[in-house]
Structure formats: C-alpha cells, structure tokens
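So you know, we letter chains A, B, ... as the sequences are listed, proteins then strands, and number each from 1. All values below were derived from every heavy atom in this structure, side-chain atoms included, with hydrogens, water molecules and symmetry-related copies excluded.
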Number of protein chains: 2
Amino acid sequence: MSQRRRPTQVDIAHAAGVSQATVSLVISGGHASGQVAEHTRAAVLDAATKLGYTVNTAARSLKGGRNKMLGLYAFEPVFPVDQRDFYFPFLLGVEGATADFGYDLLLFSSVSSGERRIYSDGINRLKVADGCVLLGRHIDRSDLADLVNEGFPFVFIGRRELPGVELSYVAPDYVGATRDMVVRLTDLGHRRLAYLRPADQQEPTRDREAGFRAGVDEAGLPEQAVHEMPDDASDAEARLAALLERWLADGVTAVLIDPLEDDRTIAALERVAAEAGLRIPEDLSVAVLGGPMPSGPGGRDWTRFTLPREEMGRAAVALLLEILDDDTGPRRLSVACTAVDGDSVGRPR
Amino acid sequence: MSQRRRPTQVDIAHAAGVSQATVSLVISGGHASGQVAEHTRAAVLDAATKLGYTVNTAARSLKGGRNKMLGLYAFEPVFPVDQRDFYFPFLLGVEGATADFGYDLLLFSSVSSGERRIYSDGINRLKVADGCVLLGRHIDRSDLADLVNEGFPFVFIGRRELPGVELSYVAPDYVGATRDMVVRLTDLGHRRLAYLRPADQQEPTRDREAGFRAGVDEAGLPEQAVHEMPDDASDAEARLAALLERWLADGVTAVLIDPLEDDRTIAALERVAAEAGLRIPEDLSVAVLGGPMPSGPGGRDWTRFTLPREEMGRAAVALLLEILDDDTGPRRLSVACTAVDGDSVGRPR
DNA sequence: CCGGCTCAATAATACGTATAGAGCACACTA
DNA sequence: TAGTGTGCTCTATACGTATTATTGAGCCGG
C-alpha cells in the first residue's frame, strides 16, 4: 500500500501555497492562530485533511511543545492479576480524566522488563508525554530525583518525600484513617493491640504506623506491639502462625494489618486463624488498613478503610494539568479514606 | 529546583574533547562503534556517566521515524463499567504484548467525547503511534476506509470487511462456535429453536446468525425463528416478555442469544423468565453466544462459548508488528471459541 | 509625501541525534 | 616515490516542529 512517508507541515505548506511557519501557527498555535487570516487558515486545514496530516510528536516534543499526551508510569506492574484489583481503579480514574480533558493516555509498560526503573536503559521515555502520573509503592528514589532535576512535570499518587525536594502528589490520609481505626477498637474495649506492617520504609507504610502510634497515644494506652512481615512471603503462613500464638499469649485482642496492594497477607491470616481454631471477630478482631478487598460474595467482609481510588486518579490528572499550565511549586492534595464497617471487628472477649 | 537542562551529546563531546558524532557512535552505534578507538570510547563513556547523560528519545525517533508506540482505539468506550468486563481482557492482552515487544501503549481516549470517530477534528490522531489496534462493534466504515487509504498500519480485533479492501484482523470463529452450539442443542433433542440477535448489521452479528442457519441446516431442521432486539433497550423487558410468550405458543424449547458486549439482554431475559414462572433449563434452554458472563458466585452459570480475549489482544499486537516490519498484504487470524458447559441448557420437555 | 501604525505571512533558527562522506595520518606495496 | 589501503575522527546535514524577529502591504493623518 501507499507506504509513502507521512506528510509534514512542509508538504501542507506547499499544497496550500503558504509557508511552513504559517502551517505551524494554524495547526498548533492555540491562541496565536488568531493572527492568521480566516481564508488562509481554511486553506491550510483543508490541505491538512486532504493529505492526511498528523503532527509528528517526536519533532514536537524535541522542540519543547505539547503533545496532548499524559503518561502513566507504575513502579509496580499494574496489570498482573494479583494486584489488578488494587491498581485498576486508579487507571480508570486517570484514563477517564485524561480523556475528559482532551488528552490521550500513554501507558509506559515498555520498561517493565526486569526491574522497573524510569532510567533503566539510560533513557527517559517519559518525556514523550507532556507530563506523567506516577504510581506504585516500591519506587526508585534516585530516578525520582533525576526526574525532578530535569524539571519534568509529574504527580505521584501517594505521598512521596525526597530530601531537599518538594514534589506533587495526591495522597490518602493514612495517618488519620489508621488513627480512627485504633480509636474505634479502643472504644470497643480493646486494650492490647498488635500491628502488622510490611518491612519496607515507604511513606504509606510509615504513615499508617504513625497513625497507629497516634491512635494508641490518644487512647492513653502504653506502647503496643509492632511486627514486620517481609515482602518475600514464602514462609508467611509459618510466621503468621508464630505471631498468632504470641499474640494470644500476650493477651492481644485486636490486630491491625497493613495489607500492601494485594490480599495475600490477609488471606494467609484467615487460613492460619482458622487452623488455630480462632474465630474472627469473636476470638480476635482484625482491621485491615486499606488494600483491594473486593469482598465478593462468599468472602469475608473485612472491617477496613478504603481509598477513593478512582477519584484519586482523576485528581492526579487535574493536578498535573494545573502544573502544566503554571509550574510554580508543588501541588498537593490529601484525600480522606472511607471507613467500611465489615464484620471482622467486635468487642474483646 | 535546578531547572538546568539535561546534558546532551554535545556536552559530552565537549567534556571528552571529541566531536558530537563520535559521541553518537559510542553511545548508540551498535556495531558501528567498532570503528571507535578503545581509549576514545572509554573517555566518552566516562564523561557520559560523569555528566549523567541520557538519550533524548524525541530526537532519536525524530531521526529514525519510529516512535516505539502502538495505539489502541476503541469505537466503544472501553472503560465504562457496563462493558468493562468484555473489553478489559483485550486491553490486558494488547498491553501485555505491547510491553513484551518493548513498545508503549497509547490509549486513544481523547476522541471519546461525543461520537467516536478517528477523524473527528479532521486530522488523524492515530498516526502518532507506529500502528494501531482497533476494537469495537459499531465502527465507522468511512473512517476505516480512510485509514486504509492512508496506508496506516492497523489490526482489527474482530472480523471486519470493507468493499474492495483487504484489511488485517484477528477474529473469533463465530460461525463455527454458533453452529456447534446449535448441533449441541439438536443433539439433546431440541427441534424448535429461536434466535435472538441485535439489530445491527456488523460482521459479528451476521457471522453468528450464519452459524445458526448453518447448524439448523446441518441438523436437517426447517428454517427457525430469528428475532431482532433493538440496541435501545428501554423497553427490552417488555419485548422479551412478548417474545417469550410467542416462543411458548410456538413450541420453542431452546433459544440462542447474541448478547452484544454486555449482559443486559441476558439479565433481562432471566428476569422475564422468572416472572413468567419459567425455569431454565427445565422449561427453556438458553445458550449464550459469547459475551462477558463473569459468572460470579451467586450468578447463574450460563451455557455459552467464550472468546480467548487476552490471547486475541496479544495476537493482534503480534500481527501489527509483523505488518510494521513488512507491509505486504493483510494479515488474518481466526481463533476458536471455547465452549462452556454451564447449566442453562438441558433436554427439551 | 512621509512617518507611524496594524495585520499577515515569512525567513531563519534551534531543539538533539544519527549517519554519509570527507579528511587525515600512517603503513604497506609496487 | 607514488599509489593504495586502513583505521580513526570530524564536518556537514537532515529529521519536523515552534517561535522570534522581520518584512511587506495597506491605511490613515498630518
């Protein structure tokens, strides 16, 4: 088929009997195109459609212009099944808002091979987009720092801090939500709590723990037990079984769990508790601090809080577009989590 | 924030005391870099790492033509909830394969406002990608024809025909799958069947109907009833109730349904049948010809066939990349559907 | 008749990279 | 010594767009 090269602005200029500069003004000169006479403008557009012109994004972004494209980059794979339930609503929100604003969405997955790093092969693919929404718990700080240094506009979904840098994000109020959960448990009469967190040091993990400590403090309780669960979950069940035994010995009546992005830890806990003959919530109250928790029919309805994930995705896009228009300092947005009653929390025995 | 621009090859050249061309040879001259002396090469690489050089992809692809981007365009919105279950696996497959091949995926959603047309603003946005996967039942034929005329590489998911044009697609074998379903019903003893199809004239609709007629023919039955259900489903239930009554009067014992991309028609039929006191499959066998049919716990497990949707997405990408490498004639792929037993089909009363 | 003004369109240039071809130094051959 | 390679680096240019400065035309008032 006609494999002739794509028509360029020069071709259009030639066809319409004007200069390339004029074509550029008509095609992409948002408000500057008011300088172009109406009949010229029409002639250019006519030639453009006739030749099937499309802007060359590479050239445009080389020059520094806008592509009407936003990017979405995830440090964790968004699509694999086990985490899909968690990340999908973000994608949904980002996609929806992007479309609403007349942009297209570029999913950066080419980098997904091996470790996910923006600069992994030395190049920064992200820049083909006008700006980018970032996502994921296990981020690479140096990549992020480089991104900031380049002045590339991006918004993180989730609170992220970098020493000496202010970056933009839309983040759930994990501190408040976790504190509220603690208060709820203590209101029910629980006095000995346990807290189970992943081993990482990311902000979401730290924020929840901070909320836990704040809640404990507020309730006037002494310091409570905090345990770490390594990311490598090969022996998760054995560890949980050991923890469970210890909790029972220590008189723990309620446990709060930071579930990461999937529900493996929760599922493992449920199995281990069942094996130990423990009923939830009669013998042990369990509160889940976020997570996907689809709570399909048949599954347990965990007492938890949820993130307004789709809205967060939309908000991130809105923030990003604000930054594109006016890059003065970072934009930040904190969103409240929603408490879900569930049936895994009760009064202590 | 240090708004300094990124180092370029010129900067490195300056630092290493060589020319920009030499830097380019070292950095990206795959086999041509053998021409560069070892000590020069080392000096360049040293300067590159020292300055934190990263390739500017925009410039590179401006020079080379390819963007390493594939597009995904859907004539129906992919993300809205009611059809999400149907389209999502395609997206999954397309995204996965795209990533595997080292490409990024551009979701064309900016056009989603109003009617979905590729050329809505006169210019063809799709071309920003190297090629495009198309999706959706209600396509715009003229847009498609224009796309072909431009020589733009694309692959349709689903069989599409254009008069005088050969286009590439990966399509499910609706004819065969539907015929098999008819055979199965007649093998069970059904002699009077009804067929319910959408009102459109798209290939998937026609193919299934063709399969139905083929199966009926093969079973040696006379012509069977075929009914249309308008897309506007405002009075769907009333229509279905009327149809149901008629089927009973005519002695119909089994009905085959082309469900479009959502399960509204099926859900409506189930309600109407229940209201009429009809049990499925005891009083009426129902076979579903495709559709999302998540069959979650609690829902009925419909007798149906399913499309290998994720694989189809992957295959479409593979075909597209073949075309990009070697654009000689259209590529076509037919994939078999998988029969799902389910419990909505039984022997006739 | 000229200076000052506005409106339209253009010429020129820069963005960062890849590559073809030129140039140069040196060694080897006839 | 002239001729022919060979090995390495450089010069020059093209890719397609956005933008700045400039030109030119037309008009008005003095």
Check side-chain contact (heavy atoms from CB on, under 4.5 Å) between [X] and all other residues, then give those that pass, not counting sequence neighbours.
X      : answer
A:Q201 : A:R197, A:R206, A:E228
A:D325 : none
A:P204 : A:R137, A:R160, A:Y174, A:Q202, A:R208
B:A16  : B:V18, B:V44, B:A47

Global bending angle along the helix from C:dC1-D:dG30 to C:dA30-D:dT1, which compares the axes of five pairs at either end, to 10 degrees: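 Taking five pairs per end, the axes differ by 70°.
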
Please enumerate all residues that pass ring-ring contact (aromatic ring centres under 6.0 Å, His included) together with A:F90, with sequence neighbours excluded.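 ring-ring contact (aromatic ring centres under 6.0 Å, His included) check on A:F90 returns A:F86.
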
Examine D:dT9: is either OP1 or OP2 under 4.0 Å from a nitrogen or oxygen in the side chain of B:S19? Give yes or no.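 No, because none of the side-chain N or O atoms of B:S19 sits under 4.0 Å from OP1 or OP2 of D:dT9.
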
With under 30° as parallel and over 60° as perpendicular, where do the rings of A:F108 and A:Y73 fit, or are they tilted in between?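 A:F108 and A:Y73: tilted rings.
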
B:S19: what forms a side-chain hydrogen bond (donor to acceptor under 3.5 Å, both in side chains) with it, not counting sequence neighbours?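 For B:S19 the side-chain hydrogen bond (donor to acceptor under 3.5 Å, both in side chains) partners, ignoring immediate neighbours, are B:T22.
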
Applying side-chain hydrogen bond (donor to acceptor under 3.5 Å, both in side chains), name anything that partners A:E161, two or more places apart in sequence or on another chain.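 So A:E161 forms a side-chain hydrogen bond (donor to acceptor under 3.5 Å, both in side chains) with A:R159, A:Y169.
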
Could you write out each protein N or O paired with an N or O of nucleotides 13-18 of chain D at a distance under 3.5 Å?
| unit_1 | atom_1 | unit_2 | atom_2 | d |
| --- | --- | --- | --- | --- |
| D:dT17 | OP1 | A:Y53 | OH | 2.5 |
| D:dT17 | OP1 | A:N56 | N | 3.4 |
| D:dT17 | OP2 | A:Q9 | N | 2.7 |
| D:dA18 | OP1 | A:S28 | OG | 3.1 |
| D:dA18 | OP1 | A:R60 | NE | 2.5 |
| D:dA18 | OP1 | A:R60 | NH2 | 3.0 |
| D:dA18 | OP2 | A:Q9 | NE2 | 3.1 |
| D:dA18 | OP2 | A:S24 | OG | 2.9 |
| D:dA18 | OP2 | A:S28 | OG | 3.0 |
| D:dA18 | N7 | A:Q20 | NE2 | 3.3 |
| D:dA18 | N6 | A:Q20 | OE1 | 3.1 |

Under the salt bridge (charged side-chain N to carboxylate O under 4.0 Å, His left out) test, which residues partner A:E311, sequence neighbours left out?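 Scan of A:E311 (salt bridge (charged side-chain N to carboxylate O under 4.0 Å, His left out), adjacent residues dropped) gives none.
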
Atom pairs, N/O to N/O, protein against nucleotides 24-28 of chain D, distance under 3.5 Å?
none

Touch class at under 4.0 angstrom, heavy-atom based, for A:S61 against every strand present: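 Here A:S61 touches no strand at all.
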
Which salt bridge (Lys or Arg N to Asp or Glu O under 4.0 Å) pairs, counting each pair once, include a residue from residues 47-56 of chain A, with sequence neighbours left out?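 Counting only pairs at least two positions apart or across chains, the salt bridge (Lys or Arg N to Asp or Glu O under 4.0 Å) contacts touching residues 47-56 of chain A are A:D46-A:K50.
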
